[in-house]
Number of protein chains: 2
Amino acid sequence: MEVQPLIDHLSRYVTLSDVEISLLKSRITFRKYPRNQFVVQQGDICRHESFVVSGCLRTYHIDRQGNEHIIMFAVEDWWTSDLGSFISQTPANYNVQCLEPTLLIQFSQENLETLYQEIPVLERFFRIILQRAYVAADKRIIQNFSLTAKERYLEFRNQYPQIEQRVPQYMIASYLGITKEFLSKIRHQLMTE
Amino acid sequence: MEVQPLIDHLSRYVTLSDVEISLLKSRITFRKYPRNQFVVQQGDICRHESFVVSGCLRTYHIDRQGNEHIIMFAVEDWWTSDLGSFISQTPANYNVQCLEPTLLIQFSQENLETLYQEIPVLERFFRIILQRAYVAADKRIIQNFSLTAKERYLEFRNQYPQIEQRVPQYMIASYLGITKEFLSKIRHQLMTE
DNA sequence: GAGGAATATTAATCTAGTTTAATGTTTCTT
DNA sequence: AAGAAACATTAAACTAGATTAATATTCCTC
């Protein structure tokens with residue numbers, strides 16, 4: 001059924017035989033979430049790695065003072081989960097919440113381990129995914145250190161134009177690490193110059 | 001010779017036979033660096049993953065405005081490199097510099113690939129290392145968002161007491177993402193309260 | 001042990017971004 | 001179509017941390 005986007009996605013990185021594809025299909029789960037529902041909640045153990053077939057999600061952390069900080073968004077063709085929690089099966093630092101009705105393809109730890117045996121190139125594929133996540137996290141550390149809020153906003157808009165249209169501004173502010181009021185000010189500045 | 005610290009370190013995560021250990025020994029390189037020398041330079045491709053036998057290093061990024069930002073320190077028993085660059089053999093975002101005379105055990109890409117074939121559990125080991133690096137990067141993003149400079153300093157002091165003694169304060173300030181003057185102020189505050 | 005380099009402190013002024021609070025606008029629901 | 005909820009803007013007062021610049025202190029090195 002809706003598995004094609006995943007197959008296409010995998011095919012961009014590794015080559016799979018027909019047998020491997022049916023094997024894969026037998027070990028995945030489709031799950032439909034309504035708007036606002038949580039795929040992972042902070043404190044729970046993240047049981048799945050999820051591929052987004054359709055919809056939009058945010059990953060955020062609630063700090064000691066109760067403030068939300070959005071770490072990433074995910075839309076069609078992206079992976080989402082609390083990777084740290086999934087990997088080491090420890091309590092999640094993040095909430096993963098659907099911002100739209102969302103369809104996910106999910107891989108449980110156990111099924112993924114089995115698949116690694118059955119389809120060795122998947123190991124390679126998920127190592128690539130982990131590496132990309134690491135590099136992205138790394139890049140964000142640098143950007144938060146070295147760019148102003150305005151520069152980060154422009155960078156975001158430039159890199160994720162699709163996302164800016166789909167999520168409310170106060171969430172983008174949270175992603176950028178600033179208040180919604182200040183983002184509003186920045187946008188005003190950008191428009192009147 | 002000085003390989004024991006590495007063996008001990010590996011043994012904490014995986015079990016190696018004597019045969020595997022000699023195999024390992026044959027595929028590593030020792031390298032001694034004097035103070036201030038660079039193990040990796042921003043823009044170069046990072047050719048090795050390095051285990052610190054003795055000494056102390058910093059990893060830092062120079063941004064567009066020419067400001068330095070320290071991303072991490074490494075001392076005995078730690079791994080260091082520009083992981084993003086090493087993994088994907090792309091130009092490094094970071095400089096890795098010795099702050100003391102330093103002895104490293106280095107793994108080249110090719111030797112590491114060979115070792116993965118020869119000693120499969122090493123694949124597991126380095127996946128764990130990558131995961132830890134990812135989780136650490138992740139944690140830092142959260143901390144930089146949600147803690148004040150003072151809180152981050154206390155956190156650092158608490159988590160890396162050994163390092164605070166070994167590196168100059170202005171580098172700690174850079175690691176915390178603040179100026180040396182402001183760190184000085186924080187320290188003053190902490191002492192007089 | 002003197003002199004210079006590197007490191008650290010202090011204090012005044014400045015600014016990017018926050019807070020608070022009020023007002024406006026859009027979107028959802030019935 | 002009205003009312004309520006969610007989202008966005010504006011502006012004034014405030015603060016964490018930067019910048020600048022001068023002075024101390026520590027640490028090499030000859």
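Here is how names work: the chains are called A, B, and so on, in the same order as the sequence lines, proteins then strands, and each is numbered from 1.
The closest side-chain heavy-atom distance from A:Val75 to A:Val52 is not below 4.5 Å. Residues B:Gln106 and B:Phe51 are not in side-chain contact: their nearest non-hydrogen atoms beyond the backbone lie 4.5 Å or more apart.
Here D:dA8 presents its C1' atom at 14 Å from CD1 of A:Ile178, a figure rounded to the nearest Å. Straight-line distance from the CG atom of B:Leu147 to the P atom of D:dA16: 15 Å, rounded to whole Å. With rounding to whole Å, B:Tyr153 atom OH is found 15 Å from D:dG17 atom P. Between the CG atom of A:Asn144 and the C1' atom of C:dG17 there is a distance of 14 Å, given to the nearest Å. Distance, B:Gln165 CD to D:dC27 P: 13 Å, rounded to whole Å. Rounded to whole Å, atom C1' of D:dG17 lies 15 Å from atom CG of B:Asn67.
Side chain of B:Ser11 to backbone of B:Ile7: a donor-acceptor contact under 3.5 angstrom is found. With B:Arg58 contributing its side chain and B:Gln97 its backbone, the two residues share no donor-acceptor pair below 3.5 Å.
Among residues two or more places apart in sequence or in another chain, the side chain to side chain contact (heavy atoms under 4.5 Å, CB included) test is passed with B:Gln89 by B:Ile45, B:Arg47, B:Phe86, B:Gln109.
Under a cut-off of 6.0 angstrom, the local environment of CZ in B:Arg132 is sparse, with at most 12 non-hydrogen atoms contributed by other residues, nucleotides or ligands.
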Every protein N/O within reach of nucleotides 7-15 of chain C N/O, cut-off under 3.5 Å:
unit_1 : atom_1 : unit_2   : atom_2 : d
C:dT7  : OP2    : B:Tyr170 : OH     : 2.9
C:dA8  : OP1    : B:Gln169 : N      : 3.0
C:dA8  : OP2    : B:Gln169 : N      : 2.9
C:dA8  : OP2    : B:Tyr170 : N      : 3.1
C:dT9  : OP2    : B:Gln169 : OE1    : 2.7
C:dT9  : OP2    : B:Ser184 : OG     : 3.0
C:dT9  : O5'    : B:Ser184 : OG     : 3.2
C:dT10 : OP2    : B:His188 : ND1    : 3.3

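Between D:dG17 and B:Thr179, no contact under 4.0 Å exists linking OP1 or OP2 to a side-chain N or O.
Salt bridge absent: B:Glu110 and B:Arg27 never bring a charged side-chain N and a carboxylate O closer than 4.0 Å.
End-to-end axis angle of the helix from C:dG1-D:dC30 to C:dT30-D:dA1, from C1' rotation axes over five pairs per end: 50° (rounded to 10 degrees).
In the model, B:Asp63 has a side-chain atom that pairs as donor or acceptor with a side-chain atom of B:His69 under 3.5 Å.
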